[in-house]
Amino acid sequence: MHTQQSPSPSADRRLSVLARHLEPSSVAVEGHSNHSIVGAPTSGNDGKQSVFSHIVRAPEDPILGVTVAYNKDTSPMKLNLGVGAYRTEEGKPLVLNVVRQAEQLLVNDRSRIKEYLPITGLADFNKLSAKLILGADSPAIQENRVTTVQCLSGTGSLRVGGEFLAQHYHQRTIYIPQPTWGNHTKIFALAGLSVKSYRYYDPATRGLHFQGLLEDLGSAPSGAIVLLHACAHNPTGVDPTKDQWEQIRRLMRSKGLLPFFDSAYQGFASGSLDTDAQSVRMFVADGGEVLVAQSYAKNMGLYGERVGALSIVCRNADVTSRVESQLKLVIRPMYSNPPIHGASIVATILKDRNLYHEWTLELKAMADRIIRMRQQLFDALRAKGTPGDWSHIIKQIGMFTFTGLNKEQVAFMTKEYHIYMTSDGRISMAGLSSRTVPHLTDAIHAAVTRAR
């Protein structure tokens, strides 16, 4: 016959401690099992109000909020030019054919398992990612001076890099271009770095404020971190020339400034993977140290798979090994280890010659379509006689164009033409099509002439 055992003294003590936490107004007596346990007001069980009732509603993210507003609009003529994602000529999201092929290979491989990856991620993915951005013949790779860890897309790569620098680098100030991607400031501030800016965009020319850039970096404290967009600067679409990059490199190395590249658009800007990696490789070639955050969201269309990598190029192999050991300590309490599926897609494509070739063709097709949209919009504005010089549209590169439209003009276009974009006038060229260029042209023309 089964007899019920009385609680052990240790279990009884735990109940008493729990009771004291839940009912602070009464004193729990150790050893008494008939003690009543009542939720305290702070548990939210008093029926009056939530313990979170003091929290104010946060504003929508300025970029993602554009899509929220767009989705609420019922107009059949609405157009979303805020989202940073590629769209086809029909305005539909695109899954690359080469990605579908790679996924099919993975699905058919019965030997694949779903175990945890190491903290640093998928080894093949890391090795191939480093080669993609630094070049297969990079001396830094051959000399084992590069550590690469798989992260959660570009955002996660920047955050891991930021936290590593906040913990282990002697300078905790990072300079970011003005303007830059809206998330950069938050990522680095929350990682523990002090965020300052350097001049980058010149509204007067709608081009690079190169002199201001050199002056600001020249006056930065020795050893400061500098965030650089590898190509297709977001949001302006304005990139330095090769000669300007060389001047930036010489200035930064002379002052001991640490370059941290954000490479979100390799191959997606010019259509050439090597051309778009040129700025990064210039800094690596001089033997100095470099950080690079990579994303495969745009160039492989793997937005929701969150596939990215952080590479740190060091002076020697011994330092590299120690740096990697500390990166693991940053990652482990943050998300433990990265997801396997997206990285496996990338690795499958990068290590197969045929798939890699097909990817480069699809990538160039996407880049070329965006370039065509730039030309069509420029031609349409010129044909309509829209006041102003719109040549910056075809001079800028990548997914985004900084139109030069102000907040009032943007608001007018949203209200009257149901066209959605960020309030700074940035538009996603990938969201345009030959069918919608005339509508955007009419809206820009009306917004500009209305203010005159």
[Y] side chain reached by [X] side chain, heavy atoms, under 4.5 Å:
X	Y	answer
Ser138	Val284	yes
Leu227	Phe261	no
Val146	Ile312	no
Gln101	Leu355	yes
Gln294	Ile133	yes
Tyr169	Leu258	yes
Ser194	Arg172	no
Ser295	Val307	no

Do [X] and [Y] meet the criterion of a side-chain donor-acceptor pair at a distance under 3.5 Å?
X	Y	value
Asn80	Arg87	no
Asp379	Gln375	yes
His418	Asp73	yes
Asp243	Thr241	no
Glu103	His341	yes

If I compare all heavy atoms of [X] with all of [Y], which pair ends up nearest, and what's the gap?
X	Y	value
Met413	Leu440	CE-CD1, 3.8 Å
Gln409	Val448	NE2-CA, 4.0 Å
Tyr296	Ser129	OH-OG, 2.8 Å
Ala347	Leu128	O-CD1, 3.7 Å
Thr414	Ile419	OG1-O, 2.8 Å
Ile370	Ala430	CD1-CB, 4.1 Å

Review point. Just wondering, more than 12 heavy atoms not from Lys255 lying within 6.0 Å of its NZ?
Key: yes
Review point. What do you reckon, is NZ of Lys127 surrounded by more than 12 foreign heavy atoms closer than 6.0 Å?
Key: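 Counting other residues, nucleotides and ligands, NZ of Lys127 stays at 12 neighbours or fewer.
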Out of curiosity, [X] [atom1] to [Y] [atom2], how far, rounded to the nearest 0.5 Å?
X	Y	atom1	atom2	answer
Leu257	Tyr198	CG	OH	10.5 Å
Ile225	Ile176	CD1	CD1	12.0 Å
Gln104	Thr348	CD	OG1	12.0 Å
Tyr420	Leu79	OH	CG	10.5 Å
Lys407	Ser423	NZ	OG	5.0 Å
Ile427	Thr422	CD1	OG1	9.5 Å

Point to revise | Carboxylate-amine/guanidinium contact Asp442 Lys384, below 4.0 Å | key: yes
Practice item. Please determine if Lys242 and Glu246 form a salt bridge, counting it only when a charged side-chain N lies under 4.0 Å from a carboxylate O. Key: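 The answer is no: the pair does not qualify as a salt bridge.
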Review point. Given the rule in the side-chain contact (heavy atoms from CB on, under 4.5 Å) test, do Gln396 and Asp239 qualify, once you have shown the distances and angles that lead to the verdict?
Key: CA-CA 7 Å; Gln396 294 171 10; Asp239 286 353; over 6 Å; no
Measure from the side-chain N and O atoms of [X] to the backbone N and O of [Y], and report whether any donor-acceptor pair falls under 3.5 Å.
X	Y	value
Arg253	Phe283	yes
Arg199	Leu213	no
Ser157	Ser153	yes
Gln266	Ala277	no
Asn126	Gln150	yes
Ser279	Ala230	yes
Arg426	Gly82	yes
His439	Tyr417	yes
His392	Lys395	no
Thr436	Leu432	no

Practice item. Using the side-chain contact (heavy atoms from CB on, under 4.5 Å) rule, take Phe125 and Leu350 through it: C-alpha gap first, then chi angles, then the decisive distance, then the call. Key: CA-CA 8 Å; Phe125 168 83; Leu350 294 184; 5.8 Å; no
Exercise for review: Sequence neighbours left out, what pairs pass salt bridge (Lys or Arg N to Asp or Glu O under 4.0 Å) with at least one residue falling in residues 263-282?
Suggested key: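 Qualifying pairs: Asp274-Arg281.
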Practice item. Determine the interplanar angle of the Tyr201 and Phe402 rings, folded into 0 to 90°, and report it as parallel if under 30°, tilted if 30 to 60°, perpendicular if over 60°. Key: perpendicular
Practice item. Could you tell me how the ring of Tyr265 sits relative to the ring of Phe268: parallel (under 30°), tilted (30 to 60°) or perpendicular (over 60°)? Key: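 Rings of Tyr265 and Phe268: tilted, 30 to 60°.
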Without placing hydrogens or testing angles, list every side-chain donor-acceptor pair under 3.5 Å for residues 89-100, not counting sequence neighbours.
{"unit_1": "Glu89", "atom_1": "OE1", "unit_2": "Arg369", "atom_2": "NH1", "d": "3.1"}
{"unit_1": "Glu89", "atom_1": "OE2", "unit_2": "Ser434", "atom_2": "N", "d": "2.7"}
{"unit_1": "Glu89", "atom_1": "OE2", "unit_2": "Ser434", "atom_2": "OG", "d": "3.0"}
{"unit_1": "Glu90", "atom_1": "OE1", "unit_2": "Thr88", "atom_2": "OG1", "d": "3.3"}
{"unit_1": "Asn97", "atom_1": "ND2", "unit_2": "Glu358", "atom_2": "OE2", "d": "2.6"}

Practice item. For the pair Thr155 and Arg306, evaluate side-chain contact (heavy atoms from CB on, under 4.5 Å) and give the outcome as yes or no after the intermediate values. Key: CA-CA 9 Å; Thr155 304; Arg306 312 309 293 141; 3.9 Å; yes
Exercise for review: Please name all residues satisfying side chain to side chain donor-acceptor pair (under 3.5 Å) with Gln167, sequence neighbours left out, ordered by chain then number.
Suggested key: none
**Study point:** Qualifying residues under side chain to side chain donor-acceptor pair (under 3.5 Å), relative to Arg332, sequence neighbours excluded
**Key:**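 If we apply the side chain to side chain donor-acceptor pair (under 3.5 Å) test to Arg332, skipping adjacent residues, the hits are Ser336.
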Point to revise | Any residue meeting salt bridge (charged side-chain N to carboxylate O under 4.0 Å, His left out) with Lys328, in chain and number order, not counting sequence neighbours | key: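 Residues passing salt bridge (charged side-chain N to carboxylate O under 4.0 Å, His left out) with Lys328: none at all.
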Practice item. Verify whether the ring centers belonging to Tyr200 and His233 lie closer than 6.0 Å. Key: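 Centroid distance Tyr200-His233: below 6.0 Å, so yes.
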Practice item. Would you verify whether the NZ or CZ of Lys78 falls within 45 degrees of the ring axis of Tyr70 while also being under 6.0 Å from that six-membered ring's centre? Key: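 Here Lys78 passes the 6.0 Å and 45° test against Tyr70.
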**Study point:** cation_pi(Arg206, Trp390) dist<6.0 Å, angle<=45
**Key:**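 Flagged: Arg206 positioned over aromatic ring of Trp390.
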Mind listing the side-chain donor-acceptor pairs of residues 181-192 below 3.5 Å, one per line with the distance, residues two or more places apart or on another chain?
{"unit_1": "His184", "atom_1": "ND1", "unit_2": "Thr180", "atom_2": "OG1", "d": "2.7"}
{"unit_1": "His184", "atom_1": "NE2", "unit_2": "Asp262", "atom_2": "OD2", "d": "2.8"}

Exercise for review: Any chance you could lay out the side-chain contact (heavy atoms from CB on, under 4.5 Å) test for Leu310 and Thr148, step after step, and finish with the verdict?
Suggested key: CA-CA 6 Å; Leu310 172 70; Thr148 303; over 6 Å; no
